[in-house]
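For reference, the structure discussed in these notes is given below.
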2 protein chains.
Amino acid sequence: MSRPRAKLVKDFPGCAVEAALSFIDGKWKGVLLFHLLAGTQRFNELRRKLPSVTQRMLTRQLRELEEAGLVRRTVHPVVPPHVDYDLTPLGRSMEPVIRSLAIWGRTYVFCAQDEAHVVPPKETTELQGDALRYFADRA
Amino acid sequence: MSRPRAKLVKDFPGCAVEAALSFIDGKWKGVLLFHLLAGTQRFNELRRKLPSVTQRMLTRQLRELEEAGLVRRTVHPVVPPHVDYDLTPLGRSMEPVIRSLAIWGRTYVFCAQDEAHVVPPKETTELQGDALRYFADRA
DNA sequence: GCCAGTAGTACCAAAAAGGATACTGTCAAT
DNA sequence: ATTGACAGTATCCTTTTTGGTACTACTGGC
């Protein structure tokens with residue numbers, strides 16, 4: 001949620017970075033936006049893509065994204081329920097941010113453990129702290 | 001800190017976005033990295049640039065960035081103390097991420113209140129939720 | 001009749017993050 | 001003699017965020 005950060009935005013103008021971060025601050029918002037870049041998704045569709053998120057968390061994060069103006073929630077009044085989530089123009093404007101995050105993650109953290117061998121040795125030598133431990137864990 | 005997210009990285013591989021976010025997760029890390037992009041900084045130098053951060057928080061955030069391998073802390077054993085902070089190569093690799101965040105923030109949230117009039121009317125009409133309220137507040 | 005799928009809520013508990021305040025020790029300048 | 005700059009710590013407390021479990025209502029298929 002952007003409440004505490006929203007405050008700081010006023011207390012501390014000039015910080016565009018923090019302002020932007022306040023919109024994707026929340027444990028699952030980044031991934032959600034990433035998946036929504038691929039197009040409209042339904043609630044359970046997203047749930048399947050984020051297996052470790054609880055229903056409650058998914059709902060909350062989506063609502064916060066909606067509140068922030070990044071995501072649009074469309075309820076089709078049918079039974080069984082049918083709810084679509086997609087990006088607003090503002091949400092889509094986040095694409096460069098999300099993409100650069102995805103690239104960084106792939107390059108330096110490399111989530112897909114089945115491809116862990118692809119880690120470039122040169123970069124690896126630059127790693128420290130968490131990143132180093134991360135790679136150490138899966139070596 | 002990246003501990004809780006680090007866990008999810010393992011539980012939920014494939015999510016490069018979350019992995020990357022876990023490195024800048026923390027209320028001040030984004031700004032700190034942004035300021036460090038400009039070059040080496042000393043502790044109180046950063047403090048002056050982030051007037052609303054407490055000493056304790058600044059220390060913590062810097063230590064976490066160091067632990068994560070993004071920032072290097074250099075202690076010059078003199079008195080009075082002299083400590084330099086600068087980006088590691090891994091930290092510098094975050095530059096595209098930080099820059100895109102800064103651009104987004106400037107474009108869509110526009111922290112600098114003294115330039116609030118520059119908000120482009122076209123974009124404004126696309127705003128919803130927090131973003132809308134943000135602009136409403138300063139209109 | 002029972003189960004699965006749809007999209008959620010409600011309630012309680014735990015953990016994590018952040019903030020406030022006060023304190024350290026040395027030196028240089030006023 | 002006092003103050004300020006330097007770079008922090010220590011302690012306590014509050015807020016925020018996240019997780020766990022159970023529950024709703026309705027329908028279509030077996």
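Residue numbering restarts at 1 for every chain, and letters A, B, ... go by the order of the sequence lines.
Between the base of C:dG8 and the side chain of A:R56 there is no donor-acceptor pair shorter than 3.5 Å.
When the nucleotides D:dA7, C:dG18, D:dT27 are ranked by their closest atom to the side chain of B:M57, C:dG18 comes out on top. Of the candidates C:dG8, D:dC6, D:dT27, D:dC6 carries the atom nearest the B:P80 side chain, counting heavy atoms from C-beta on.
At least one side-chain nitrogen or oxygen of A:N44 sits closer than 4.0 Å to the OP1 or OP2 atom of C:dA7. Taking side-chain N and O atoms only, B:R60 has no distance below 4.0 Å to OP1 or OP2 of C:dG18. For A:R63 and C:dT9, the shortest distance from a side-chain N or O to OP1 or OP2 is below 4.0 Å. An OP1 or OP2 oxygen of C:dG19 is reached within less than 4.0 angstrom by a side-chain nitrogen or oxygen of B:W28. Within the 4.0 Å cut-off from OP1 or OP2 of D:dT16, not a single side-chain nitrogen or oxygen of B:K27 is found. For B:Q61, no side-chain nitrogen or oxygen approaches OP1 or OP2 of C:dA17 to under 4.0 Å. Applying the 4.0 Å criterion to OP1 and OP2 of C:dA7, one finds that A:R48 has every side-chain N and O outside that range.
Rounding to whole angstrom units, CD of residue A:E67 and P of D:dT17 are separated by 12 Å. Regarding B:L50, its CG atom lies at a distance of 15 Å from the C1' atom of C:dG19, rounded to whole Å. Atom CG in B:L62 sits about 8 Å away from atom P in D:dG8, given to the nearest Å. Whole-Å rounding puts the A:E45 CD to C:dG5 C1' distance at 14 Å. Atoms CG (A:D25) and P (C:dA16) sit 16 Å apart, rounded to a whole Å. A straight line from CG of B:L32 to P of C:dG18 spans 12 Å, rounded to a whole angstrom. Taking atom CG on B:L58 and atom P on C:dT21, their separation rounds to 18 Å, with Å as the unit. Nucleotide C:dT9 holds its P atom 13 Å from the CZ atom of A:R47, rounded to whole Å.
Grouping the Ile, Leu, Val, Met, Phe, Trp and Tyr side chains by contacts below 4.5 angstrom, directly or via other members, places A:I103 apart from A:V31. One hydrophobic cluster, built from ILVMFWY side chains closer than 4.5 Å, cannot hold both A:V78 and A:F43; they sit in different ones. Hydrophobic clustering (ILVMFWY, side-chain heavy atoms < 4.5 Å, transitive): A:L58 and A:V71 are in one cluster.
Residue A:Q41 is tested with A:L36, A:L32, A:V83 for a side chain to side chain contact (heavy atoms under 4.5 Å, CB included); the sole match is A:L36.
Closest-nucleotide positions on DNA chain D for A:V53 and B:H82 were compared, and the one nearer the 5' end corresponds to B:H82. Nearer to the 5' terminus of DNA chain D, by closest-nucleotide assignment, is the contact made by A:Q55 (compared with the other of A:Q55 and A:P81).
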Full working for side-chain contact (heavy atoms from CB on, under 4.5 Å) between B:H35 and B:L50: CA-CA 10 Å; B:H35 286 298; B:L50 282 70; 3.5 Å; yes
